Structure formats: C-alpha cells, structure tokens
Enquirer: 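My structure is below; once you've seen it, I'll send some questions.
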Amino acid sequence: MIQYESQTLFPPKVLFAFFCSINALIVPLHRNNHSLMNPKIRVRFAPSPTGPLHIGGVRTALYNFLFARKHGGTMILRIEDTDQGRFVPGAEEYIISSLAWCGIHFDESISVGGPHAPYRQSDRKPLYKQYSDLLLNAGHAYYAFDTPEELEMLRKEAEESKQTFTYNAVTRKKLRNSLTMNPQEVEKMIGEGIPFVVRFLIPENTEVVMEDIIRGKVVVKTETLDDKVLYKSDGMPTYHLANIVDDHLMEISHVIRGEEWLPSLPLHILLYQAFGWEAPQFAHLPLLLKPDGNGKLSKRDGDRLGFPVFPLQWVDPKTGETSSGYRESGYFPDAFVNMLALLGWNPGTEQELFNMEELITAFSLERVGKAGSKFDPEKTKWFNHQYLLRKSDEELALSLKTLLADKGIEAELKQLTKVVALLKDRVNFVHEIWNEGQFFFEAPLTYDEQVIKKRWKDDSPAIMQSLALMLQDVHDFNPESIDAAIKQWLEVNGFGMGAVMNALRLLLVGAAKGPHLADIMSVIGKEESLRRIKNGIEAINNQQINS
RNA sequence: GCUCCCUUCGUCUAGUCAGGCCCAGGACGCCAGGUUUUCAUCCUGGUAACAGGGGUUCGAAUCCCCUAGGGAGUACCA
C-alpha cells in the first residue's frame, strides 16, 4: 500500500487543530483587526460563470471568506471558465455583485487583481499546456485519439449489457492512444493536426488515502478511478488540470468546496503526487437540499415552492426568463448571510444572530456538519424579521419611502418613521408594512363585510357622530390625549370600550386590523380622522343598502 | 450498476472525537392558553427525534459490526 498523503507524523486534522489553537491565542489581542495577516492561509472561491450563483454557492463562498478572515488569510476569487461552450454573458458580473451584496469581498480577483493574476482561467490558457506536457513527459499522462462519438458508442454498448464503460487500466490497452500506438504514429497524427486529448494515467493497484477536515480519512482504490481527460482537444485544460495547477500556483492552503467534488478528490490528490507538489488541505461541505423530499436544491425548487434560490434577481440572457432574488424579495443581506451561515455550521452555543464580525470570530470548519441540510424558507423569513426588528425606524422609513414612491405615494420621512415604529414588529419585510398599514396613507375604500356584520350596530352611526364631535375638541392630537379623552367620554356616556372602538376601527381602517387606534389617529391627524369617520358612516350605510 | 459520502423532533441543530451530567437541550414551524378595543406582536405551556438490528460495557445517541434508507459522482461540464 502506498501512502499518498503527506508523510508527517501527525494527520492534517491534528496539525490543523494545533494551528487553530495557536491562532486562537493570538487573535483576541487584535480583535476586529484583520491586519494580522497570515500569509500561509490562502483560500479561493472558484465558480464557473455558467449562470447565476445559487445559495449553495454563496454559502461555499461565505465559508471560505469566514475561514480566511478568521485566520488573517487571503480570500481569492478565480473564475473557472475552461468550458467555452458554457459561457453565459453576465454571469461573472452577477457572481461578483451577488457576493458584494452579501459583504463577501476578495483580496485577489479578476477585478482587484493580485500577485497571481490573471484570475480567469481562460486568460491563463497558455499556462496549462506546459503542465500537461510535464505530466506527459513524466509518463503520468498520455495522448488519446478516441473521438467523442467513438466513446459515446462504447458507453452505449456497455449500457446495453448493463455495464459502465470506463477509460481505465483494462480498456485503455484496446483504445486509440499513445499507450497502444507507436511513438512515430502518435507524432505524425499530432503533426497532422488530428484532434487529441491528454488523459491522466491512473496508477494501478494502489490506494489513495485522503484526509478531509470535515469527513476525516477517506480511502479509495485506484482501480475504481478512470483516466480523466486533463487537456481537451480544443486546447483548454479540463477543470481537474486547471484547478490543481492554479491552486498550486496561487499557493492555496485550504480547498473548501461542495461535497459534489468529493468523488474527484482521489484524482486531485494523485495529480498533486504526479507533479510532486504538496497538496492543500481539503474540506468538503455538505450539500444544501430541497425543502421537501430529497436531493440537491435547485432552481426549480424555488419556482415550485415560491422562494428565491439566488441572492440577486437574474434574467436569463437567452430565454429572458427571470428568477427572483433575495435582495429583490426584500431580504436584508446580513439576515440572508446569517441564515446561510447557520445552514450546515453551528457555533455550539445557543446564539443564532450573528453579524459578519461575529461570524468570523465564531466560525470554524470543525463545527461544520457532515450531513446535507434541507433549506427552510420559513426560518429565513424569521431571520429577516429579527434583523428588521433591530434596524432603526429611520433606516426602515427610508427604504419604505423609496418603496412607496414606486407606488406613487409621497410621504414625509418623519411620518414614515412613526408608521414603521407602529408596524415593524408585525412584518418580516419592509414591503409588508404597506400591506399591513395601507390605511396610514389612504382612507379605506371598502369596509370588511364580516366586521360590519359583527361590529356595526344600529346605534353605531349616532355614537360615531357623537365621538367625532368630541374628538373635534381634542386640541393636542397625540396618542395620550386622544386616549384620555376617549376614556372620559366613554365613562360619561356609559359606552362600552369594545363596542365603540371596534366600530371606530372599522371607520378608520376598514378592517379589523392594525395598531392601537389612538396611535393611528395621531399619525393620520385630526382632520383626516374626522373625515374618515364622517365618510365611513355614509359609505357603510350605502354598502348595506346595496347588499 | 459501480465508487464515495451521510443518517438525532416536520425543519435547522446541540450532544458523538475524550460512553454516565441526556427517559436527549435550543431554534423555526405547528397547537393551546394568557395579555389586548381588532389583527399581529409579546408571554406561558405543549407537540415531536437518537433509522433498524446485533454486539462491547456495570452503563451506549455516543464505540464496533451488519442491514436499511438517502445523497453525490460516474462527460473532451464545472
């Protein structure tokens, strides 16, 4: 058996834990100050610009970011666009602006540059051939001339006999490659420009022993692996080659990526071995699962269950189809990030609300779970509610003002601040303040039939008129004075609180909802309150005649 | 099919590495009660889980084995 992992006495997990404990000793002295750079910790988020980044990808980026900041390391964005056929215009910009909205920033990237530029793999194209040649010359890789059609046929044939075709030790000897052909022939074909790919030669009869920070030791026999294409016939590397070369060149210390990459880990470890490079440490994150049933969360689930799957709204450039985003749906970025952080990771305490700084302090890969997490849209709303509650009335009033302006409603910021204060604890989103408190801005157009039936009695018109008369004399129209005046008036006239107030609410709001009535009247003012009482009595009368 | 990974309330999870403090704790949701002029908030309470089976042990959610279920991968995609 060959040990493919590093030859140290301590497994990576032990070394890692040791390292973290040292850092834990140093970091508190420099709290909230990430100038204590640890140049050894370098992580990257490496998306492929094939479309919008979904929340699983955002979480991966977030964990990379938290890990880097926690250890004073470097966060890198690398665009993996080695598949020219899958390029989607706008996807790159989408990824960057989405992460920026979340507060995830990069130290090195296609936009800010860095010592290892370029950070877009298509811009690094010339680089990869030499590494492919290195492997070729060392006998770790070989040329293969089988066409995609030929391979497709082989796969179909295998499928018919309920088997799977694999390009490996048993099949490669019968296929068209530099292992089965003589060197002159190979040279001639390449010289003539016959398309070829470069495949990795998987070593036979050994085991690859890997250490994952989250999963521990994983062992795979090389017989189960296949000779993956490293270099494509279009002159581009595949993900596997480009990824290893760039991670090495960019001195990546920790690869934190989704679990879907775990099956490729043996290949990657083998590649590091073949190059004679030290491999980074790996952490494979559990997947985000659909809220109902099983399986990886996908765009379709969002459409089906009515929640966003993307951080920002995305319009498909080809189909024009629009996918909703968290930002456009009214979520706060910090609430969104907080929710995402807790999906698969937990601090081990009962704290649930974390700002970015707190996340950075609390985060550790050791506390990332192994099992996939079903995404819960309901809890996401709860997080937003918590953040909304903690924001100032002024800040919320400002966003409400913009929102109302879109509806053509002009309102004073001072007024909106009062409305927000009265309504914020009953909504999850700023835009819900409109649904909950439309009556602050417009007199009711209709009056709830159910409420009329229950609360509007024969003597209600007379009582309301008398109440309006009394209200006329309340000069300082603040909630306290209004309450005091009504209370006294009720006592003098011997009216019941419930009967009067419910009828009054019907006139002012049009329905059985909303905050304390004195608060509402104070906000809309005496004039408007009296107008609504007067008009309401008439309107309800008409409504009853018509029905 | 094959390879690898995973499995505690409906959901997110604590507890698992270092077995007893766990007839399993918190949160979301749901249900009930209370507060209230309405609705909502809020408060109080409740609901509900160690996938199954075998071991090891005085003692197992925790260690070992098996079974079942789920997921991912299986491309000249990433």
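Since we're looking at a predicted model, the values are computed, not measured. Residue numbering restarts at 1 for every chain, and letters A, B, ... go by the order of the sequence lines.
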Enquirer: Just by distance, with hydrogens left out, do Asn478(A) and Ser522(A) show a side-chain donor and acceptor under 3.5 Å apart?
Expert: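 No, no side-chain donor-acceptor contact under 3.5 Å.
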Enquirer: Using the P atom as the reference point in each nucleotide, state the distance between rU3(B) and rA75(B) in Å, no decimals.
Expert: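 It comes out at 16 Å once rounded to the nearest Å.
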Enquirer: Rounding to an integer number of angstrom, what distance separates rA48(B) and rC6(B) when you compare their C1' atoms?
Expert: 23 Å
Enquirer: Counting only side-chain N and O atoms of Lys513(A), is one of them less than 4.0 Å from OP1 or OP2 of rU41(B)?
Expert: no
Enquirer: For rU38(B), does OP1 or OP2 lie under 4.0 Å from any side-chain N or O of Arg455(A)?
Expert: no
Enquirer: rA14(B), OP1 or OP2 - any side-chain N/O from Asn346(A) closer than 4.0 Å?
Expert: yes
Enquirer: Quick one: are the ring centres of Tyr239(A) and Trp261(A) less than 6.0 Å apart?
Expert: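 Yes, they do, as the ring centres are separated by less than 6.0 Å.
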Enquirer: The side chain of Asp425(A) is closest to which nucleotide in this list: rC76(B), rU41(B), rG71(B)?
Expert: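 So the nucleotide nearest the side chain must be rU41(B).
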Enquirer: So, is Ser373(A) near the phosphate of rU13(B), with a side-chain N or O under 4.0 Å from OP1 or OP2?
Expert: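 The answer is yes; a side-chain N or O of Ser373(A) sits under 4.0 Å from OP1 or OP2.
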Enquirer: RNA chain B: Asp234(A) or Gly348(A), which has the more 5' nearest nucleotide?
Expert: Gly348(A)
Enquirer: Pick the P atom in rC66(B) and in rU44(B), then give their distance to the nearest Å.
Expert: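 Taking atom P in both rC66(B) and rU44(B), they lie 48 Å apart.
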Enquirer: On a whole-Å scale, what distance lies between the C1' atoms belonging to rG53(B) and rG71(B)?
Expert: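 Roughly 23 Å separates the two C1' atoms.
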Enquirer: Across all strands, who's sitting opposite rA40(B) as a Watson-Crick or G-U wobble pair, both distances under 3.5 Å?
Expert: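 Across any shown strand, rA40(B) pairs with none.
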Enquirer: Closer than 4.0 Å, any side-chain N/O of Thr82(A) to the OP1 or OP2 of rA78(B)?
Expert: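 The answer is yes; a side-chain N or O of Thr82(A) sits under 4.0 Å from OP1 or OP2.
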Enquirer: Return whichever of Tyr239(A) or Ala511(A) has its heavy-atom-nearest nucleotide of RNA chain B closer to the 5' end.
Expert: Ala511(A)
Enquirer: Among rG70(B), rC12(B), rA72(B), find the nucleotide with the atom closest to the side chain of Glu260(A).
Expert: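 When the side chain of Glu260(A) is considered, rA72(B) is the closest of rG70(B), rC12(B), rA72(B).
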Enquirer: Between rC76(B) and Arg155(A), is there an OP1 or OP2 to side-chain N/O distance shorter than 4.0 Å?
Expert: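 Checking rC76(B) against Arg155(A), a side-chain N or O does come within under 4.0 Å of OP1 or OP2.
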Enquirer: Using salt bridge (Lys or Arg N to Asp or Glu O under 4.0 Å) as the criterion, list what pairs up with Arg176(A), not counting sequence neighbours.
Expert: Glu150(A)
Enquirer: Please state whether the phosphate of rC6(B), meaning OP1 or OP2, lies under 4.0 angstrom from any side-chain nitrogen or oxygen of Lys370(A).
Expert: yes
Enquirer: Which part of the nucleic acid does Val197(A) contact within heavy-atom distance under 4.0 Å: base, sugar-phosphate only, or nothing?
Expert: base
Enquirer: Can you confirm if the aromatic rings of Phe429(A) and Tyr331(A) lie within a centre distance of less than 6.0 Å?
Expert: yes
Enquirer: Has Arg215(A) got a side-chain N or O lying under 4.0 Å from the OP1 or OP2 atom of rG71(B)?
Expert: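 The answer is no; no side-chain N or O of Arg215(A) sits under 4.0 Å from OP1 or OP2.
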Enquirer: Expressed as a whole number of Å, how far does the P atom of rC30(B) sit from that of rU41(B)?
Expert: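 Straight-line distance between the two P atoms is 9 Å.
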Enquirer: Please work out if Thr164(A) contacts a base, only the sugar-phosphate, or nothing of the nucleic acid, heavy-atom cut-off 4.0 Å.
Expert: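 The residue Thr164(A) makes base contact.
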Enquirer: Taking pairing as Watson-Crick or G-U wobble with both contacts under 3.5 Å, can you name the mate of rC77(B), or confirm there isn't one?
Expert: none
Enquirer: Can you tell me which nucleotide in rU7(B), rA27(B), rG73(B) comes closest to the side chain of Ala371(A)?
Expert: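 Nearest listed nucleotide: rU7(B).
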Enquirer: Looking across every strand, which nucleic acid part, if any, lies under 4.0 Å from Pro195(A) by heavy atom: base, sugar-phosphate, or nothing?
Expert: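 Nothing, no heavy atom under 4.0 Å.
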Enquirer: Taking only the side-chain heavy atoms of Leu287(A) (C-beta and beyond), determine which of rC6(B), rC76(B), rA72(B) contains the nearest atom.
Expert: rA72(B)
Enquirer: Taking the P atom in each of rG45(B) and rC9(B), what is the distance between them to the nearest angstrom?
Expert: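 Their P atoms lie roughly 24 Å apart.
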Enquirer: Counting any heavy atom closer than 4.0 Å, what does Gly295(A) reach on the DNA or RNA strands: base, sugar-phosphate only, or nothing?
Expert: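 The residue Gly295(A) makes sugar-phosphate contact but no base contact.
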Enquirer: Under 4.0 Å between a side-chain N/O of Lys454(A) and OP1 or OP2 of rU38(B), yes or no?
Expert: no
Enquirer: Could you list the residues that satisfy salt bridge (Lys or Arg N to Asp or Glu O under 4.0 Å) with Arg532(A), not counting sequence neighbours?
Expert: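 Partners of Arg532(A) by the salt bridge (Lys or Arg N to Asp or Glu O under 4.0 Å) criterion, ordered by chain and then number, come out as Glu528(A).
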Enquirer: Would Lys290(A) count as a cation-pi partner of Phe375(A), with NZ or CZ less than 6.0 Å from the six-membered ring centre and within 45° of the ring normal?
Expert: no
Enquirer: Return the nearest nucleotide to the side chain of Val220(A); candidates are rG70(B), rC76(B), rU3(B).
Expert: rU3(B)
Enquirer: Please classify the nucleic acid contact of Asp146(A) as base, sugar-phosphate, or nothing, using heavy-atom distances under 4.0 Å.
Expert: base
Enquirer: Would you mind classifying the nucleic acid contact of Lys296(A) as base, sugar-phosphate or nothing, using non-hydrogen atoms under 4.0 angstrom?
Expert: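 Sugar-phosphate, backbone atoms only, no base.
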Enquirer: I'd like to know if Lys379(A) reaches the base of rA27(B) with its side chain such that a donor and an acceptor end up less than 3.5 angstrom apart.
Expert: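 Present.
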Enquirer: Quick one: which of rU11(B), rC5(B), rC77(B) gets closest to the side chain of Lys374(A)?
Expert: rU11(B)
Enquirer: Heavy atoms only, 4.0 Å cut-off, all strands: where does Arg367(A) land among base, sugar-phosphate and nothing?
Expert: sugar-phosphate
